[in-house]
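Below is one structure, written out as structure tokens; comments come after it.
Side-chain atoms are counted along with the backbone in the values below, which use heavy atoms only and exclude waters and symmetry mates.
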Amino acid sequence: MEEYGYDAQPAREAEGGGLMRKVLAGGLIAEKWRKNFWFLLLVAGLGIYYIYNGYAVERLHRERTALEREVKDLRFESITTAADLMFMCKQSEVIKRIKREGMALEESKEPPVKIYR
């Protein structure tokens with residue numbers, strides 16, 4: 001097995017205690033951390049971006065909901081204003097308003113005449 005670079009017996013360090021002592025001392029973790037520093041930095045950056053993106057999407061959703069509510073209110077206001085305007089433009093309402101405000105206007109007795117080109 002040694003010809004393939006694999007030893008059947010687990011590797012032991014010369015100082016004794018070996019792997020367990022290295023893990024308890026924190027050397028193994030520090031060594032792995034140093035080897036994978038850029039990967040860990042990338043993972044941390046992606047995690048921060050993921051959290052930021054979640055908050056940004058939530059903020060956009062709140063803004064969209066508020067704008068939809070505002071559009072709904074403005075649509076109702078527009079419909080109400082249009083209905084009021086249509087009511088005020090009726091001939092009978094115009095005559096009532098002229099009389100109520102005391103204007104010296106009279107209703108025409110002759111029907112309107114079409115002008116042809």
Any chance you could measure [X], atom [atom1], to [Y], atom [atom2], to the nearest 0.5 Å?
X	Y	atom1	atom2	answer
E93	M86	CD	CE	12.5 Å
K99	K96	NZ	NZ	10.0 Å
L46	N53	CG	CG	11.5 Å
L60	T65	CG	OG1	10.5 Å

- prompt: Does a sphere of radius 6.0 Å around CD in Q91 hold more than 12 heavy atoms from other residues, nucleotides or ligands, not counting ones at 6.0 Å or beyond?
  reply: no
task: May I ask you to check whether over 12 heavy atoms, not counting those of E77, lie within 6.0 Å of atom CD?
output: no
query: Counting distance only, does the side-chain N/O of S78 pair as donor-acceptor with the main-chain N or O of L74 below 3.5 Å?
result: no
query: So which heavy atom on M88 is nearest to which on V94, and how close?
result: O-CG2, 3.6 Å
task: Show your working on side-chain contact (heavy atoms from CB on, under 4.5 Å) between E68 and R64 and close with a plain yes or no.
output: CA-CA 6 Å; E68 285 176 350; R64 180 179 176 176; 3.1 Å; yes
- prompt: Among E106, E101, R100, whose side-chain contact (heavy atoms from CB on, under 4.5 Å) with M103 holds?
  reply: E101
- request: Answer with yes or no whether the hydrophobic clustering places V57 together with Y55; edges join I, L, V, M, F, W, Y residues whose side-chain heavy atoms lie under 4.5 Å apart.
  value: no
- prompt: Among all residues two or more places apart in sequence or in another chain, which pass the salt bridge (charged side-chain N to carboxylate O under 4.0 Å, His left out) test with R75?
  reply: none
